[in-house]
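Encoded as structure tokens, the structure appears first; notes follow it.
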Amino acid sequence: MDLSLSDAQELLKASVAHFVQQECPKEVLLALEMTPTGTTPQLMRKMAELGWLGILIPEAYGGAGRSFTDAAVLFEELGKGPVCGPYFTSSVLGALLVLHGGSEEQKRALLPQVARGTCVLGVAVTEADYGWQPQAVQLRAHRQGDHYRLSGVKLFVHDAQAATHLLCAVRTGDDPRGGITLLVVEVPTAGLTVRSLPGWMGQVDEVRFEQVQVPATAVLGGVEGRGWDVLEAAALQAIPILCAYKVGSCQAVVDMALAYSRTRVQFGQPIGRFQRVQDHIIAMVNHLDAARWTTYEALWKLDSGRPAAASVHLAKAVTSEAYVKVCDGAHEVHAGVGVMREYGLTLHTQRSRALYHLLGDPRTHRRRLADALGW
Amino acid sequence: MDLSLSDAQELLKASVAHFVQQECPKEVLLALEMTPTGTTPQLMRKMAELGWLGILIPEAYGGAGRSFTDAAVLFEELGKGPVCGPYFTSSVLGALLVLHGGSEEQKRALLPQVARGTCVLGVAVTEADYGWQPQAVQLRAHRQGDHYRLSGVKLFVHDAQAATHLLCAVRTGDDPRGGITLLVVEVPTAGLTVRSLPGWMGQVDEVRFEQVQVPATAVLGGVEGRGWDVLEAAALQAIPILCAYKVGSCQAVVDMALAYSRTRVQFGQPIGRFQRVQDHIIAMVNHLDAARWTTYEALWKLDSGRPAAASVHLAKAVTSEAYVKVCDGAHEVHAGVGVMREYGLTLHTQRSRALYHLLGDPRTHRRRLADALGW
Amino acid sequence: MDFEVTYTPEQEAFRAEVRAWLAANVPPDLEEPVDPAHLSYEQYGKRRELGRKLGAKGWLYPTYPPEYGGGGLSVDFALILEEELDRYGLHLPPYYDSGGRLGAASILVWGSEEQKRYFLPPMLTGQWRTWQLLSEPGAGSDLAAVQTRAVRDGDHYVINGQKIFIGSLHGCEMMWTLVVTDPEAPRHHNLSWFMIPADLPGIEVRPMELLTAGGEGGASPGLKHTVFFDNVRVPAFHLIGGENNGWKVATTHLELEHGGGGLIRRHRVAERFLEYCLTTKRHGVPLSQDPDVRDDMVEVYIKKEIVRLLGLRTYWLSHANRPRSYEGPQLSYCRKVTNLEIAEIILRALGPYTLTTDPAWAPLAGLLEHFQRAAVVGLHPGGTTDIQKVVMARRLGIGRTVREEAGRLR
Amino acid sequence: MDFEVTYTPEQEAFRAEVRAWLAANVPPDLEEPVDPAHLSYEQYGKRRELGRKLGAKGWLYPTYPPEYGGGGLSVDFALILEEELDRYGLHLPPYYDSGGRLGAASILVWGSEEQKRYFLPPMLTGQWRTWQLLSEPGAGSDLAAVQTRAVRDGDHYVINGQKIFIGSLHGCEMMWTLVVTDPEAPRHHNLSWFMIPADLPGIEVRPMELLTAGGEGGASPGLKHTVFFDNVRVPAFHLIGGENNGWKVATTHLELEHGGGGLIRRHRVAERFLEYCLTTKRHGVPLSQDPDVRDDMVEVYIKKEIVRLLGLRTYWLSHANRPRSYEGPQLSYCRKVTNLEIAEIILRALGPYTLTTDPAWAPLAGLLEHFQRAAVVGLHPGGTTDIQKVVMARRLGIGRTVREEAGRLR
């Protein structure tokens with residue numbers, strides 16, 4: 001038993017931390033938050049050069065081929081920013097979809113580019129009837145000769161504005177689960193419009209298809225009906241990495257509150273001397289540690305080849321709630337200062353809400369946890 | 001608008017408070033807790049003399065004929081003890097069942113005696129498949145000539161050991177709701193055994209019927225199939241009075257914690273100076289006041305003839321949870337002292353659990369609240 | 001007990017009068033933007049105008065003494081007024097004026113007769129809108145630690161300093177604030193309370209960039225500002241309650257800030273959320289029939305009902321002039337915490353829809369998105385949740401044999 | 001990261017050895033009463049006997065130095081031992097001996113070499129069972145406020161005073177406690193720490209009547225007592241860590257009391273509740289298929305998993321001798337709170353069945369009823385939840401630039 005990171009992981013952690021500090025300080029993040037993509041070509045290039053955009057992609061496809069835990073170390077540090085941008089969507093969820101579902105040709109065409117940052121994958125699953133169950137995929141792709149024709153809307157798609165290719169879950173058959181196919185849709189394509197959604201959600205978009213033609217070769221893996229299986233397999237591995245991002249976020253918010261508890265003086269003493277302020281922070285730390293260790297155990301199970309589904313659902317349910325609650329606690333500690341945009345806390349508050357439902361909300365994962373336990 | 005008690009109610013409150021102080025001090029309650037009935041003939045007689053056992057019974061039937069709010073004032077003070085015994089079961093729920101469902105003859109036979117304390121009503125509804133839905137009533141009464149024959153078990157029956165008459169919900173037909181009849185079963189009756197259930201529940205019993213014969217005249221109201229309607233009508237009026245009992249209990253527990261916060265010194269100061277101790281008590285007060293005002297509004301709606309169902313469900317859900325949480329908070333405040341039996345706090349802790357499910361647990365009442373709101 | 005006004009014939013007549021008057025005087029084109037920061041100047045003007053009309057009848061401050069511009073009405077009549085205004089989604093005053101509500105009460109309790117006659121009528125009749133200026137960068141929860149200074153100079157005071165989280169959209173006519181007049185004196189004995197005309201030279205107002213410009217969802221003040229005082233000369237007559245007596249004056253408006261006046265306004269967001277779930281169909285079935293959504297709705301309903309009842313109780317205590325204790329800060333605490341809880345239940349129930357203002361997709365025109373932010377921002381104004389608990393603990397006498405008294409409201 | 005022991009061949013062999021040994025030595029008729037207060041003297045004797053056998057192999061305290069009777073094993077081996085014992089529902093030691101676990105650690109850190117050689121072997125090999133004596137009527141959370149006095153008299157100390165909430169069923173051979181040796185000295189510098197033979201004249205032990213005799217459900221000490229000292233003469237050799245150095249000695253056992261040793265024991269009640277719901281049918285369908293019960297089960301599962309992981313992390317930190325900080329009291333806090341939460345979820349899920357011990361009706365032979373009480377009683381032993389948070393706050397450095405260090409465990 002050894003619950004520490006390896007030396008290589010510690011090294012990676014330090015270099016990501018350095019990168020975030022240098023390239024994504026608060027001022028940059030405050031500016032990026034307002035952009036449609038959440039990133040810049042320079043940032044993409046630098047992260048590609050560091051090998052991080054291909055961290056999960058096997059070396060055979062131009063990636064670094066590292067473990068899930070390694071990728072989690074990277075994303076935990078990014079979460080501290082919190083660094084926005086399509087990195088998780090493209091290099092984790094998107095790359096895993098291609099790895100699990102793509103043909104050899106598609107892997108060779110897409111993955112090296114993803115690792116280089118020249119291709120950015122988006123993943124369009126959810127629709128107006130929002131949900132992460134197969135029944136919620138209703139956008140139909142009609143086969144017409146050597147292409148498909150699509151009309152409809154994908155909604156609340158993360159990072160679609162940054163994507164060069166959208167992996168779209170579409171319906172090619174009536175079977176709730178077996179009727180779903182993943183299509184690789186290039187951006188731009190005639191009839192396809194991607195639009196940022198206004199509000200308190202960051203890089204979340206509407207993707208509208210109006211008589212969009214997609215070649216039949218765009219079917220991920222070349223065979224219809226495998227979409228949901230591929231999505232589930234990829235999500236099982238991607239979720240703990242998203243969880244790690246939130247763990248990093250929670251840690252950053254806790255650190256912010258700790259620092260403020262020491263420097264903010266009211267009633268003649270640092271506010272952290274008041275038990276009420278302490279209790280906000282203690283509750284935050286408890287959420288953080290619950291998120292951290294459920295996430296780490298899920299990663300360990302994935303990397304060691306153990307059945308991981310129950311741990312993954314557990315981690316997702318716990319971390320999504322933890323991030324929201326940790327931000328709430330930080331707002332209690334910071335009061336007025338915390339809601340001033342330039343302070344930076346609200347970057348987290350927003351992401352804690354915007355990531356709450358991504359890949360399934362806590363309630364969904366609680367129910368799936370019961371199923372995974374064989375109950 | 002006037003949220004205060006009337007002068008008459010304040011007077012009643014004061015005399016009940018005096019009675020509880022004189023007749024049911026902590027030592028007496030600690031002893032009564034261990035008895036099968038939770039009361040004594042002397043206590044019953046005194047309460048009858050004060051008119052409290054007939055508080056809801058119309059003057060025509062030998063009672064005091066007072067309002068629901070008046071009865072609530074009485075029971076709120078009893079809850080402070082917490083005074084155990086069959087008073088709620090017999091004089092509120094039982095009396096209301098007879099009032100709503102009984103024939104004139106039954107009313108005349110039973111109610112004056114209830115008011116005098118010479119008859120004690122028990123109410124046996126729940127069974128091994130515990131629940132307060134009509135489906136849970138499965139004990140079948142077979143009509144044979146001029147009597148019914150019953151075999152089976154009623155479980156978790158409050159105050160059955162004290163009862164001279166049990167109002168039993170039995171199944172006389174298959175319709176889930178319309179097949180339920182209330183029978184007035186005298187105690188003792190051949191084949192009927194009442195047994196206290198051991199454990200952390202006070203006066204809660206098993207009632208076992210083995211080929212028990214009950215005369216057909218024992219049907220409450222004389223007509224089969226009305227049992228559930230009567231039970232619902234009576235429960236709607238009885239529940240806010242049970243809630244008031246819990247409000248009084250919550251108040252007593254809050255008062256206990258407040259007193260302890262002032263007198264217990266640790267780290268050189270009264271423990272109530274510590275914000276953590278304050279926060280336990282504040283949370284308790286918030287639960288208490290939520291319980292109090294939801295209960296009072298329900299009582300006001302009942303007494304003023306307004307539709308009260310939603311308010312009653314609301315109050316029941318809120319007060320049942322409040323009592324448990326208030327006791328939890330008091331244990332945090334009191335630490336070791338709180339679990340010493342002679343201190344008296346655990347009398348409440350036990351009742352907060354034992355009353356949690358009586359007449360429906362919070363989850364049941366939440367669901368019924370939605371129905372009552374017409375959702 | 002009686003949880004409603006039991007209508008006497010006189011009151012029924014009053015209700016009819018109010019209803020008719022409102023039908024004739026509430027502008028039909030009154031708009032309420034989802035985000036108070038989007039209230040146009042024109043719309044603001046209509047609200048001010050309605051306020052002046054109400055004020056002329058004594059209905060803007062119905063329970064205040066008529067000699068100062070109030071209505072002299074009892075609590076039951078005031079409640080009728082609030083109920084009838086509520087039918088229009090309005091309340092008293094029909095625009096953001098916490099400075100007026102809190103300041104008028106303070107002047108009524110602590111001002112000299114002359115000051116009451118000078119300051120109250122324009123406030124109570126809607127001529128002035130007033131901002132309250134309390135927080136400073138170094139004085140948030142610890143309000144008594146304010147640093148803004150006022151120095152006597154002849155028959156004026158000269159004020160210098162900075163206040164933050166101030167005001168609302170479209171400015172004000174008057175401001176009041178708490179400043180240091182005796183830096184040598186002990187805490188709570190060094191402060192004075194001033195009414196300050198907003199147009200005095202040396203006052204500068206700059207908007208702040210916050211998570212939301214609004215407040216607590218439906219009761220929100222709009223934009224907040226930083227206010228700078230640079231040698232602002234204020235006549236000595238504008239000092240209320242006497243020099244170095246400012247903390248006592250503050251106990252009155254703090255009592256109101258801490259919820260001591262009660263709350264009878266409906267929880268608009270909760271109600272509209274419930275209505276939305278009842279009327280919005282998914283696969284042909286109302287959302288309210290989804291068991292999870294239904295449980296969430298019940299949770300929201302219970303929470304808002306508890307706050308409603310605590311608000312009603314406190315309103316009654318305050319307006320019936322009954323003894324008050326911890327009830328104000330309890331209400332304030334529960335309201336703040338409940339709002340955040342409700343926001344998160346709504347987030348859970350409706351998913352990312354709750355986070356967008358997109359015209360095509362946002363439910364209730366973005367009201368829920370605004371509430372997501374407003375519930376977070378609402379945790380601190382008028383005293384953080386922790387401060388409400390500080391006051392509650394003192395009033396309840398936790399660990400103390402002497403209970404702190406509630407602030408005077410009259 | 002590795003959340004399990006990765007078995008080396010040597011470890012596999014050790015596991016086989018342990019398994020075989022346990023099969024041969026664990027009495028087949030070992031009973032665990034639902035309520036530890038019902039443990040018979042005979043059954044207690046069997047457990048003590050097993051403890052002595054484990055002790056003879058160094059397996060009672062596997063990671064302690066062999067020269068004092070420990071096993072000298074690394075954390076992975078110790079974990080194998082615990083895992084194999086867990087298959088019998090046992091743990092180390094196989095009877096309640098918190099005084100031994102906490103006292104041995106304190107003596108190891110603070111005792112002289114001579115004291116270690118005298119006191120540790122009987123403790124580590126199971127010859128002695130030891131009670132810890134901490135709380136007094138006036139010193140609960142504020143342990144440093146103890147009043148029990150020890151006065152030097154030649155080569156003895158004479159002890160007078162009263163301790164409460166002490167011990168377990170069937171007595172002990174040894175006691176340790178914290179007493180005042182210098183009433184004039186400042187707080188934390190006035191105390192000394194003594195090992196006291198339980199059979200000395202002047203010691204009187206009386207049982208207390210509590211809500212439950214047991215502790216936290218499955219890890220419970222049985223009966224608690226009041227212990228009176230009336231001129232008890234203790235040899236000076238029994239003073240550990242030097243006169244007036246008692247608070248430092250106490251930091252070691254307090255660290256363990258506050259969870260610093262971690263927790264790898266399974267949550268027996270939670271697991272049996274889940275199993276009960278999976279296997280108990282209502283109307284022919286397992287309870288686990290009822291959507292509400294199923295949600296409750298998930299809630300219980302998540303809560304116990306979080307505590308398990310925090311316990312495992314802390315166990316690893318402690319046994320791998322890694323830097324520790326707030327983790328112990330965090331674990332202790334979360335465990336206490338979680339137990340109460342789980343008790344209330346079970347109450348909600350299973351109804352009044354949860355409250356009876358009736359042979360005919362109680363699920364799991366009354367285990368749940370006992371847990372309902374034990375979860376309440378368990379809030380305070382080893383430091384209240386508030387005290388755990390006091391320690392956490394200091395260790396986290398909330399409002400402090402200097403973080404308090406965790407107590408030494410070796």
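These numbers were taken from a predicted model, which means no experiment stands behind them.
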Atom group of [X] that falls short of 4.5 Å from chain A, counting heavy atoms:
X      : value
C:L368 : neither
C:A139 : backbone
C:L340 : side chain

Could you walk me through whether C:V376 and A:R353 pass the side chain to side chain contact (heavy atoms under 4.5 Å, CB included) check? CA-CA 12 Å; C:V376 171; A:R353 273 65 176 170; 3.8 Å; yes

Between A:R276 and C:A393, which heavy-atom pair has the shortest distance, and what is it?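 Reported closest heavy-atom pair: NH2-CB, 4.4 Å.
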
Heavy-atom closest contact (C:A360 atom, A:R195 atom, distance):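 Nearest pair, atom of C:A360 first, then A:R195: CB-NH2, 4.3 Å.
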
Looking at chain A, which one of C:T354, C:I164, C:T384, C:L347 has the largest number of heavy-atom pairs inside 4.5 Å, strictly under?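 The residue among C:T354, C:I164, C:T384, C:L347 with the greatest pair count is C:L347.
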
Among the listed options C:M208, C:R187, C:Q372, C:E369, the residue most often paired with chain A at heavy-atom distances under 4.5 Å: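 When all of C:M208, C:R187, C:Q372, C:E369 are compared, C:E369 has the most.
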
Would A:R363 and C:D295 pass as an ion pair if we require N to O under 4.0 Å?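 Between C:D295 and A:R363 there is no salt bridge, as every charged N stays at least 4.0 Å from the carboxylate O atoms.
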
Under 4.0 Å between a Lys/Arg side-chain N and an Asp/Glu carboxylate O for A:D129 and C:R282?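 A salt bridge links A:D129 with C:R282.
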
Say you draw a straight line from [atom1] of [X] to [atom2] of [Y]; how long is it, rounded to the nearest 0.5 Å?
X      : Y      : atom1 : atom2 : value
A:Q275 : C:D386 : CD    : CG    : 11.5 Å
C:E344 : A:S352 : CD    : OG    : 8.0 Å
C:H283 : A:Q135 : NE2   : CD    : 8.5 Å
A:R264 : C:D142 : CZ    : CG    : 8.5 Å
C:H370 : A:W200 : NE2   : CH2   : 11.0 Å

Would you confirm whether [X], through its side chain, and [Y], through its main-chain N or O, come within 3.5 Å as a donor-acceptor pair?
X      : Y      : value
C:T356 : A:P198 : yes
A:Q266 : C:S141 : yes
C:Y353 : A:A128 : yes

Are C:T385 and A:E332 linked by a side-chain donor-acceptor pair shorter than 3.5 Å? yes

Worked verdict on C:L211 versus A:Y343 for side chain to side chain contact (heavy atoms under 4.5 Å, CB included): CA-CA 10 Å; C:L211 172 61; A:Y343 185 79; over 6 Å; no

Working note: A:V339 + C:F165, criterion side chain to side chain contact (heavy atoms under 4.5 Å, CB included); need CA distance, chi angles, decisive distance, verdict. CA-CA 11 Å; A:V339 299; C:F165 294 104; 4.3 Å; yes

Side chain, backbone, both or neither of A:L155 within contact of chain C (heavy atoms, under 4.5 Å):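 Side chain only.
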
Contact origin within A:V333 toward chain C - heavy atom pairs under 4.5 Å: neither

Evaluate side chain to side chain contact (heavy atoms under 4.5 Å, CB included) for A:T346 paired with C:R373, printing each intermediate quantity in order. CA-CA 10 Å; A:T346 57; C:R373 292 178 287 125; over 6 Å; no

